[in-house]
Undergrad: 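Sharing a structure here in structure tokens format.
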Amino acid sequence: MTFGNCRIENIILAGAYGDKEVHLCCCVPEDANGVNIVLLHGVHSSANLGQHNKFRHLAKTLAELGYTSWLVETSRRTRCRQDYGDDISAWVEAAFSGKTFQQEQADVFAAIGEVLRCAAGASLWVWGFSLGGIIALSAAANFDSPYGPARPAIDGVVVSGTGLVAYPEVESFMLELPILSTLRSTLSEDMLFKVKTDSLVSFRGSEDEIFSLES
């Protein structure tokens, strides 16, 4: 399968919940520069090459710059997001009811481990959106480097629209939802002190309605 100037490889890994599948899509550009970027979606979201999925457009943009993208879509009970239209609550209940943060994190860690195996020795960045950013940081805190002390397992982390504490009015609502309801009890308070990476890029939209600039 091809996508623009990319060669596409789809890999299905064992997942922790629902359909027990983690979908990993690799987009290798014709003139790859040797840098691999793992893309992580936010909570209750998706990352695939669907026509209207933002990760399709991001993968295409990165490919034009020579970067190899790995889109990670975590396990869930159903993947037919379009069947629920604008009813977000129905989608979240149908796809993720009962899923824990630990299971979501395990899905992502399985994908990152596979990328490290497939792209052994190549530069690896992990770019996470919202909850994906938190998981990206936790990956940089937990993965041991196969390259020795001179180089971390994950060379760089990008976090977009991410924080560890949301606005109070958002926090009280969102922390009752699947995955998020077990976030606080899973992450250690000192996680950020354990992050091992050479580079970190963080940015947020000026109209971010979930996390403050301070967060």
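Just so you know, residue 1 is the first one in the sequence shown, and it goes up from there. Every heavy atom of this structure was used, including side-chain atoms; hydrogens, water molecules and symmetry mates were not.
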Undergrad: Going by heavy atoms in the side chains, are V159 and V201 under 4.5 Å from each other?
TA: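 They are not in side-chain contact.
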Undergrad: Please table the atom pairs, donor to acceptor, closer than 3.5 Å between any side-chain atom in residues 135-144 and protein atoms at least two apart or in another chain.
TA:
{"from": "S138", "atom 1": "OG", "to": "Q105", "atom 2": "NE2", "distance (Å)": "3.0"}
{"from": "S138", "atom 1": "OG", "to": "I135", "atom 2": "O", "distance (Å)": "2.8"}
{"from": "N142", "atom 1": "ND2", "to": "S138", "atom 2": "O", "distance (Å)": "2.6"}

Undergrad: Indicate yes or no for a side-chain donor-acceptor contact from T162 to the backbone of S130 under 3.5 Å, with no hydrogens or angles considered.
TA: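 Here the side-chain-to-backbone pair exists.
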Undergrad: Could you state whether V108 and V195 fall into the same hydrophobic cluster, counting links through intermediate Ile, Leu, Val, Met, Phe, Trp or Tyr residues with side-chain heavy atoms under 4.5 angstrom apart?
TA: yes
Undergrad: Not counting sequence neighbours, list each pair that qualifies as a salt bridge (charged side-chain N to carboxylate O under 4.0 Å, His left out) and has a residue in residues 18-27.
TA: D19-R79
Undergrad: Considering residues at least two apart in sequence or located in another chain, which fulfil the salt bridge (Lys or Arg N to Asp or Glu O under 4.0 Å) criterion with E30?
TA: none
Undergrad: Can you list, pair by pair, the side-chain donor-acceptor contacts under 3.5 Å of residues 83-95, counting residues two or more places apart and other chains?
TA:
{"from": "D87", "atom 1": "OD1", "to": "A90", "atom 2": "N", "distance (Å)": "3.1"}
{"from": "W91", "atom 1": "NE1", "to": "H44", "atom 2": "O", "distance (Å)": "3.0"}
{"from": "E93", "atom 1": "OE2", "to": "S97", "atom 2": "OG", "distance (Å)": "3.3"}

Undergrad: Using every non-hydrogen atom in the two residues, find where C25 and I8 come nearest and quote the distance to one decimal.
TA: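 Taking C25 first and I8 second, the nearest heavy atoms are SG-CG2, 3.8 Å.
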Undergrad: If every non-hydrogen atom of V115 is compared with every non-hydrogen atom of L124, which pair is closest and at what distance?
TA: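 In terms of heavy atoms, the two residues are closest at CG1-CD1, 3.7 Å.
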Undergrad: Could you pull out the closest heavy-atom pair between G15 and S75, with the gap in Å?
TA: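 Taking every non-hydrogen atom into account, CA-CB, 4.3 Å.
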Undergrad: Would you say that L187 contacts F101 through its side chain, given a criterion of any heavy-atom pair below 4.5 Å between the two side chains?
TA: yes
Undergrad: Is there a path from F55 to V126 through hydrophobic residues (I, L, V, M, F, W, Y) whose side chains come within less than 4.5 Å of each other?
TA: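 Different hydrophobic clusters.
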Undergrad: So which atom in V165 and which in S215 form the shortest heavy-atom distance, rounded to 0.1 Å?
TA: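 Smallest heavy-atom distance, with atoms named: O-OG, 2.6 Å.
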Undergrad: Using a cut-off of 6.0 Å, state whether more than 12 heavy atoms not belonging to E114 lie near its atom CD.
TA: yes
Undergrad: Is there a side-chain contact between W125 and V38 in this structure, where contact means two heavy atoms from C-beta onward sitting under 4.5 Å apart?
TA: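 In short, these two side chains do not touch, never coming nearer than 4.5 Å.
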Undergrad: May I have all residue pairs that pass ring pair (Phe, Tyr, Trp, His ring centres under 6.0 Å) and include part of residues 5-36, sequence neighbours excluded?
TA: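 Every pair satisfying ring pair (Phe, Tyr, Trp, His ring centres under 6.0 Å) with a residue in residues 5-36: there are none.
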Undergrad: Please enumerate all residues that pass salt bridge (Lys or Arg N to Asp or Glu O under 4.0 Å) together with D190, with sequence neighbours excluded.
TA: K194
Undergrad: Is the closest side-chain heavy-atom distance between K99 and T182 below 4.5 Å?
TA: no
Undergrad: Is there a path from I12 to V28 through hydrophobic residues (I, L, V, M, F, W, Y) whose side chains come within less than 4.5 Å of each other?
TA: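 Cluster IDs for I12 and V28 differ.
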Undergrad: First locate atom CD1 of I154, then atom CD1 of I112, and finally report the distance between them rounded to the nearest 0.5 Å.
TA: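 I154 CD1 to I112 CD1: 5.0 Å, rounded to 0.5 Å.
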Undergrad: Which atom pairs, donor and acceptor, lie under 3.5 Å between side-chain atoms of residues 59-68 and protein residues at least two apart or in another chain?
TA:
{"from": "K60", "atom 1": "NZ", "to": "E64", "atom 2": "OE2", "distance (Å)": "2.9"}
{"from": "T61", "atom 1": "OG1", "to": "H57", "atom 2": "O", "distance (Å)": "3.0"}

Undergrad: Using 0.5 Å steps for rounding, measure from the CG atom of N48 to the CG atom of L39.
TA: 12.0 Å
Undergrad: Can you check whether T100 reaches T186 side chain to side chain, under 4.5 Å on heavy atoms?
TA: no
Undergrad: Filter on side chain to side chain donor-acceptor pair (under 3.5 Å), then keep only pairs touching residues 169-178, sequence neighbours left out; what's left?
TA: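 Non-adjacent pairs meeting side chain to side chain donor-acceptor pair (under 3.5 Å): E171-R184.
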Undergrad: When rounded to the nearest 0.5 angstrom, what is the spacing between CD1 in I210 and CG in L131?
TA: 10.0 Å
Undergrad: Just verifying a value: how many Å separate L213 CG and S206 OG, rounded to the nearest 0.5 Å?
TA: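 Answer rounded to 0.5 Å: 11.0 Å.
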Undergrad: For F211 versus G163, what's the shortest heavy-atom pair and its separation?
TA: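 Closest pair (atom of F211, atom of G163, distance): CE2-O, 3.1 Å.
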Undergrad: Looking at residues at least two apart in the chain, or sitting in another chain, which of them share a side chain to side chain contact (heavy atoms under 4.5 Å, CB included) with S160?
TA: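 Once residues adjacent in sequence are excluded, the partners of S160 under the side chain to side chain contact (heavy atoms under 4.5 Å, CB included) criterion are W127, F129, V158, F203.
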Undergrad: Once rounded to the nearest 0.5 Å, what's the spacing between atom CD of E73 and atom CG of L24?
TA: 11.0 Å
Undergrad: What are the two closest heavy atoms between A110 and L13, and how far apart are they?
TA: O-CD1, 3.7 Å
Undergrad: S46 and side-chain hydrogen bond (donor to acceptor under 3.5 Å, both in side chains): which single residue from R76, H41, K54 fits?
TA: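 Testing S46 for a side-chain hydrogen bond (donor to acceptor under 3.5 Å, both in side chains) against R76, H41, K54 leaves exactly one candidate, R76.
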Undergrad: Is the CD atom of Q82 crowded by more than 12 outside heavy atoms at less than 6.0 Å?
TA: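 Count over threshold, so yes.
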Undergrad: May I have the step-by-step check of side chain to side chain contact (heavy atoms under 4.5 Å, CB included) for I134 and L164, ending in yes or no?
TA: CA-CA 7 Å; I134 295 175; L164 293 182; 4.0 Å; yes
Undergrad: Any sub-3.5 Å donor-acceptor pair from T197's side-chain atoms to G156's backbone N or O?
TA: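 Between the backbone of G156 and the side chain of T197 there is a qualifying donor-acceptor contact (under 3.5 Å).
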Undergrad: A side-chain contact here means heavy atoms from C-beta on lying under 4.5 Å apart; do R7 and C26 qualify?
TA: no
Undergrad: Please enumerate all residues that pass side chain to side chain contact (heavy atoms under 4.5 Å, CB included) together with R56, with sequence neighbours excluded.
TA: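 For R56, the residues satisfying side chain to side chain contact (heavy atoms under 4.5 Å, CB included) (neighbours in sequence not counted) are F3, L49, Q51.
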Undergrad: Using side-chain heavy atoms (C-beta onward) and a distance below 4.5 Å, is L183 in contact with Q102?
TA: no
Undergrad: Evaluate side chain to side chain contact (heavy atoms under 4.5 Å, CB included) for I37 paired with W70, printing each intermediate quantity in order.
TA: CA-CA 6 Å; I37 302 180; W70 299 76; over 6 Å; no
Undergrad: Measure the shortest side-chain to side-chain distance between V43 and L177 over non-hydrogen atoms and say whether it is less than 4.5 angstrom.
TA: no
Undergrad: Could you tell me which residues satisfy salt bridge (Lys or Arg N to Asp or Glu O under 4.0 Å) with R151, sequence neighbours excluded, listed by chain and number?
TA: D155
Undergrad: Filter on ring pair (Phe, Tyr, Trp, His ring centres under 6.0 Å), then keep only pairs touching residues 146-196, sequence neighbours left out; what's left?
TA: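 Not a single pair qualifies under ring pair (Phe, Tyr, Trp, His ring centres under 6.0 Å).
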